[in-house]
> 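I am attaching a structure below and will ask some questions about it afterwards.
So you know, we letter chains A, B, ... as the sequences are listed, proteins then strands, and number each from 1. What you see is a predicted model; the values in this text were computed from it and never measured.
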There are 2 protein chains.
Amino acid sequence: MNTRTALLDSAELAIRQRGYNGFSFADMARDVGIRKSSIHHHFPTKADLALQLIDRYAAQFESALSEIDANKVAAADKLRLYQGVYRDALSGGSQLCLCVALSASRESLADPVLTRLNQFHENSTDWLQRTFTAAAQDLSVSGLMDANAEAHATLALLEGAQLMARAAANTDPFDRATAAFLSRLSATRNN
Amino acid sequence: MNTRTALLDSAELAIRQRGYNGFSFADMARDVGIRKSSIHHHFPTKADLALQLIDRYAAQFESALSEIDANKVAAADKLRLYQGVYRDALSGGSQLCLCVALSASRESLADPVLTRLNQFHENSTDWLQRTFTAAAQDLSVSGLMDANAEAHATLALLEGAQLMARAAANTDPFDRATAAFLSRLSATRNN
DNA sequence: GTCTATAATGGGATAGAC
DNA sequence: GTCTATCCCATTATAGAC
């Protein structure tokens, strides 16, 4: 495999498991099997690496959302899949999704990284708002409020639930926190 | 003022603004006006300091909840006050409440600190569950689901909303994320 | 209780050979 | 692209004088 890709993979896993401050060039070098000074050839600074990491992640996430949208299913089904993405990312409570991990490490991030992070959050709430607006049409979600409020609440709920589960090193808090949300989604329906 | 108290205050503010890794003995020493080696007289290690900090915080929080309970108001009013605690702690987006800041810095915490943190989360969900159970009696909250699920969802929502707002350095995401929650609470009623 | 002085460690980054 | 060697900095922590 590409050394550059191996470095990105190592960094992403470390950040998701131990946070931005828990990832160091020394650790990555040991992981990949090169010396730490060699990393600077691929990524001049730590901020450069973080920037490319979040860009790669955002692209993957966008494509995951497109895939969800490609299926012509009810809005409730899309929201169920969206919750599943966050639940899967937890890996049983051992890691966060990259965006939550970076949000939690805000104080250590360079400005350009912070900008991309907020862009990521905006893209997420935009997609959620569109989906909740669709739900108001297909009536697949119960107790609907304003779509913008629902979108922000859903993102906060899922990110907060990840944080709780990671603190407890257990999926349980995530499942409890999202149970009420899931129960508002109507049963799957192949329209 | 007590040097010990001044050190705790300085540490708490630093952690809430910049995270657990953004607080150092050097910074505290400058804040308080002593040399950093003198800090070890009051707190042998950084973990000792963190432990005493979270204990102090948990005691303050418990007393705030008792004060909320002391007023014989509807459950919805108590939940509104609870949301207000988290909103006020944000200080316009410049800091988190200590428990969220520590949750976000999980990877750097010593085991005893992590234990207290999870204890704090349990106390919080217990109080919320009792309050949602009361809401099922006084009918002051609309769209009620299972009290345990509501409790975990509310804590995750508030902590996640703080995280979003801190990332954006703005209260706005917090207000949007909690708007739907607030709208479920019936208007104030002096019973 | 506070000071000076000093470990001991680990972090990101650079220069220059190969 | 990767290496060795080195730099510079910040961090927590300790010893011992006052």
Side-chain angles (χ1 to χ4, degrees), chain A residues 1-56 98 101-102 104-114 116, chain B residues 1-54 56 101-102 104-114 116:
Chain A
M1 186 188 352
N2 203 333
T3 300
R4 196 191 107 95
T5 305
L7 287 169
L8 285 174
D9 290 346
S10 166
E12 179 174 329
L13 187 66
I15 291 176
R16 291 176 56 182
Q17 287 182 339
R18 300 187 299 274
Y20 189 76
N21 294 290
F23 113 87
S24 76
F25 279 22
D27 292 338
M28 290 170 59
R30 202 175 329 106
D31 264 18
V32 173
I34 59 175
R35 297 295 174 159
K36 64 174 180 169
S37 61
S38 306
I39 300 177
H40 292 279
H41 172 74
H42 302 277
F43 310 99
T45 71
K46 212 182 170 186
D48 291 317
L49 202 171
L51 214 53
Q52 304 206 32
L53 206 51
I54 196 170
D55 281 345
R56 184 178 78 156
L98 186 66
L102 288 178
S105 306
R106 180 196 189 281
E107 79 276 2
S108 308
L109 303 181
D111 270 352
V113 181
L114 211 47
R116 311 281 176 117
Chain B
M1 187 192 346
N2 202 332
T3 301
R4 196 191 108 95
T5 305
L7 287 169
L8 285 173
D9 290 345
S10 166
E12 179 173 330
L13 187 66
I15 291 176
R16 292 176 54 184
Q17 288 183 337
R18 300 186 299 274
Y20 189 77
N21 293 290
F23 113 87
S24 76
F25 279 21
D27 293 338
M28 290 169 58
R30 203 177 326 107
D31 265 17
V32 173
I34 59 175
R35 296 296 174 158
K36 61 179 179 167
S37 60
S38 305
I39 300 176
H40 292 279
H41 173 74
H42 301 276
F43 309 98
T45 71
K46 211 182 170 186
D48 291 317
L49 202 172
L51 215 53
Q52 304 205 32
L53 206 50
I54 195 170
R56 184 178 80 156
L102 289 179
S105 306
R106 180 196 188 282
E107 79 276 2
S108 309
L109 303 181
D111 271 352
V113 181
L114 210 47
R116 312 280 176 117

> Between B:S38 (side chain) and B:I34 (backbone), is there a donor-acceptor pair under 3.5 Å?
no

> Side-chain donor-acceptor contacts of residues 7-18 of chain B below 3.5 Å, not counting sequence neighbours, with atom names and distances?
unit_1: B:D9; atom_1: OD1; unit_2: B:R56; atom_2: NH1; d: 2.9
unit_1: B:D9; atom_1: OD1; unit_2: B:R56; atom_2: NH2; d: 2.9
unit_1: B:S10; atom_1: OG; unit_2: B:D31; atom_2: OD2; d: 2.9
unit_1: B:E12; atom_1: OE1; unit_2: B:R56; atom_2: NH2; d: 3.1
unit_1: B:E12; atom_1: OE2; unit_2: B:R16; atom_2: NH1; d: 3.3
unit_1: B:R16; atom_1: NE; unit_2: B:L96; atom_2: O; d: 2.7
unit_1: B:R16; atom_1: NH2; unit_2: B:A89; atom_2: O; d: 3.1
unit_1: B:R18; atom_1: NE; unit_2: B:G22; atom_2: O; d: 3.1
unit_1: B:R18; atom_1: NH2; unit_2: B:G22; atom_2: O; d: 3.4

> For B:S108 and B:N21, which heavy atoms make the closest approach, and how far apart are they?
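Answer, listing the atom of B:S108 first, then B:N21: OG-ND2, 3.0 Å.
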
> Using 30° and 60° as the class boundaries, would you call the ring planes of B:F23 and B:Y20 parallel, tilted or perpendicular?
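Perpendicular.
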
> Would you say A:H41 reaches D:dT2's phosphate, i.e. side-chain N/O to OP1/OP2 under 4.0 Å?
no

> Looking at every heavy atom in both A:A110 and A:A47, which two are closest together, and how far apart are they?
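Of all heavy-atom pairs spanning A:A110 and A:A47, the closest is CB-CB, 3.9 Å.
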
> From CG of A:N21 over to C1' of D:dA10, roughly how many Å is that when rounded to an integer?
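Distance check: A:N21 CG to D:dA10 C1' gives 13 Å.
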
> Can you name the nearest heavy-atom pair linking A:R35 to A:A29, along with the distance?
C-CB, 3.8 Å

> Report, as a single string ordered 5' to 3', how protein heavy atoms within less than 4.0 Å touch nucleotides 3-18 of chain C: B base, S sugar-phosphate only, - not at all.
BBB-----SBBB----

> I need the minimum non-hydrogen distance between A:H40 and A:F25, along with the two atoms involved.
CE1-CE2, 3.3 Å

> Considering all heavy atoms of both residues, which atom of B:V32 and which atom of B:T3 are nearest to each other, and what is their separation?
CG1-CG2, 4.3 Å

> Tell me which residues in residues 2-14 of chain A put a heavy atom below 4.0 Å from DNA chain D, sorted by number, or none.
A:T3

